[in-house]
Amino acid sequence: MARKQHFDTAAIHAGQEFDPRTGAVIPPVYLTSTFVQKSIGELRGGYEYTRGGNPTRDSLQTLIAALEGGKHGLSFASGLAAEDTLLRAALSPGDHIVMGNDVYGGTHRLIERVHGPWGIRNTVVDMGDLRAVEKAIIPGETKLLWLETPSNPMMKISDIAELAEIGHRAGLIVVVDNTFASPALQRPLVHGADVVVHSTTKYLGGHSDVLGGALVINDDELAEKAKFLQFAAGPVSAPLDAWLTVRGIKTLSVRMERHCSNALAIARHLDGHPAIDTVYYPGLPGHPGHALAAQQMSGFGGMLSLAFAGGAKAARKFAESTRLFQLAESLGGVESLMNYPAEMTHASVRGTELEVPDNIVRLSVGIEDVADLIADLDRALPKK
Ligand SMILES: *Cc1c(COP(=O)(O)O)cnc(C)c1O
């Protein structure tokens, strides 16, 4: 047996054998909906119809499972399609979910407004308050614990190992949305989580050119249920989307290094600026989750948020004044993006416990030259 590959090697090679027919180093994109059978029911390599299986999707699924250190990888048309599949695979009407009060707004919307009417109840808690998490668990009814760390947009850090222990004591499935960190910086399964969820649209794809989602599951039975739904309900990733995601993942490690160093430089530069009350970045020693992040992650990530002293007016003006940082939703691409959560990414959670203060601006720091990024931010900051 070959020895287990290190992360950076697996990111390039896991599931990526060259094409045996031609020797093409990069396996072709299998842009096909169906596969010719040798005789009735006799398949070539197990492939029958692309909703059920496609070699390009398989290569992405193998790759993501390897990067998260998990057994089964499944890829989907979007992060929310992955989440929806997991919820339906893991839960039945009457079941209850405990989730963080800082989960992705779309996750909250999916659980509350799509699964709620089908009989799934939820309680929202602060994942930093372990007593509150324990109290929110209803014995026999709660089936799933859902957390996200670092969180969006306040960059709160939750203790995956502690929460997994609490969840497992109550027999729950512990799910971590690992979109913000990516497996290059954090591997939740190693810390005891049962399932990892990704919006591969963000850092894994990395180039803001493709939508996608993934699940990595260790439990065979749960993985089988999710696989069945992938086939029976059809929320799969298309071959070209899967191929673009694989292509993005090859550079994940080097991109994350630059995302991290740029974000840290910007956080340090803005920390203490008179126009800014707080810089939310786990890499700053003053961040409440700094020590935990240093232990749980191998880098602090490329996302940071700013609270403006001048309130909503100052935050909005800043968000609309940068040039390199472009005003757009989403994150994790090579280019820097600026977001005003209260009215953009988090508009769907206004009036809920997940509401984001209106003086917050979120930056997705790209991999451009950091001096240019800092100059862009400085130009947009209020002059004293
Ligand atoms: C974007 C995002 C999602 C949803 O993924 P889509 O690909 O947009 O469906 C889920 N979780 C987090 C943390 C995200 O940032």
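Order of listing sets the numbers, starting from 1, for every ligand and every atom in it. For this chain, numbers begin at 1 and follow the sequence in order.
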*With the threshold set at 4.0 Å, does a side-chain nitrogen-carboxylate oxygen contact exist between D376 and R379?*
yes

*Around atom CZ of R169, are there more than 12 heavy atoms of other residues, nucleotides or ligands at under 6.0 Å?*
yes

Kindly list each side-chain donor-acceptor pair under 3.5 angstrom involving residues 172-186, sequence neighbours excluded, with atom names and distances?
from, atom 1, to, atom 2, distance (Å)
D177, OD1, T179, N, 3.0
D177, OD1, T179, OG1, 2.6
N178, OD1, Q186, NE2, 2.9
N178, ND2, E68, OE2, 2.9
N178, ND2, Q186, O, 2.8
T179, OG1, S199, N, 2.9
S182, OG, A184, N, 3.1
Q186, NE2, T149, O, 2.9

*After noting the C-alpha distance and the side-chain angles of K156 and D126, does the key distance pass the side-chain contact (heavy atoms from CB on, under 4.5 Å) rule?*
CA-CA 10 Å; K156 277 201 315 207; D126 175 356; 3.7 Å; yes

*Under the side chain to side chain contact (heavy atoms under 4.5 Å, CB included) test, residues paired with K71 that sit two or more places apart*: N218, D220

_Tell me every residue that passes side chain to side chain contact (heavy atoms under 4.5 Å, CB included) with A294, counting only those two or more places apart in sequence or in another chain._
F300

Just list the N/O pairs, ligand 1 to protein, that are under 3.5 Å apart, with the distance for each.
from, atom 1, to, atom 2, distance (Å)
ligand 1, 5 (O), S199, OG, 3.0
ligand 1, 7 (O), G79, N, 2.9
ligand 1, 7 (O), S199, OG, 2.8
ligand 1, 7 (O), T201, OG1, 2.7
ligand 1, 9 (O), G79, N, 3.0
ligand 1, 9 (O), L80, N, 2.9
ligand 1, 11 (N), D177, OD2, 2.7
ligand 1, 15 (O), K202, NZ, 2.7

